[in-house]
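Okay, structure first, notes after.
Positions are given from 1, in the same order as the sequence printed here.
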Amino acid sequence: MGWEQVLTIIVGTSSIITAVITLTVSLINKRFEDISKRFEDINRRFEDINRRIDSVERRMEEGFKEIKFLLYKFLEVPHKQE
């Protein structure tokens with residue numbers, strides 16, 4: 001086997017190895033992008049849940065204030081007339 005054949009084999013093998021590495025890196029990058037999108041989606045869902053919880057808390061506070069007002073009004077002791 002001559003030097004030209006050895007160099008051809010080396011170049012061919014290195015090209016194949018480079019292609020495999022490039023493909024592997026590309027697949028890993030794609031996987032990380034997919035994972036990143038999933039985390040972003042989960043984060044958006046948590047933000048939406050937090051907004052809904054805040055809204056429910058505000059409505060509950062308003063409801064409690066109204067109930068408290070009505071209880072005070074209902075339980076109010078009439079003043080004695082002098």
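Applying the side-chain contact (heavy atoms from CB on, under 4.5 Å) rule to S26 yields no partners; only residues at least two apart in sequence or on another chain are considered. Under the rule for a side-chain contact (heavy atoms from CB on, under 4.5 Å), the partners of V25 that lie at least two apart in sequence or sit in another chain are I21. Residues passing the side chain to side chain donor-acceptor pair (under 3.5 Å) test with E47, sequence neighbours excluded: N43. Applying the side chain to side chain donor-acceptor pair (under 3.5 Å) criterion to R52, with sequence neighbours excluded, gives D48.
Within the structure, side-chain hydrogen bond (donor to acceptor under 3.5 Å, both in side chains) pairs that include any residue of residues 5-18 do not occur (at least two apart or interchain). The salt bridge (Lys or Arg N to Asp or Glu O under 4.0 Å) pairs that include a residue from residues 9-34 are K30-D34, where partners are two or more places apart or lie in different chains.
If you take NZ on K68 and NZ on K65, they are separated by 9.5 Å, rounding to the nearest 0.5 Å. The line from CG of L70 to CG of L75 is 10.5 Å long, rounded to the nearest 0.5 Å. Distance check: F46 CZ to F39 CZ gives 10.5 Å after rounding to the nearest 0.5 Å. How far OG1 of T22 is from CG of L27: 11.0 Å, rounded to the nearest 0.5 Å. The CD atom of E40 lies 12.5 Å from the CD1 atom of I35; values are rounded to the nearest 0.5 Å. With rounding to the nearest 0.5 angstrom, the CD1 atom of I28 is 10.0 Å from the CG atom of L23.
Under the 4.5 Å side-chain contact rule for hydrophobic residues, F64 and V56 share a cluster.
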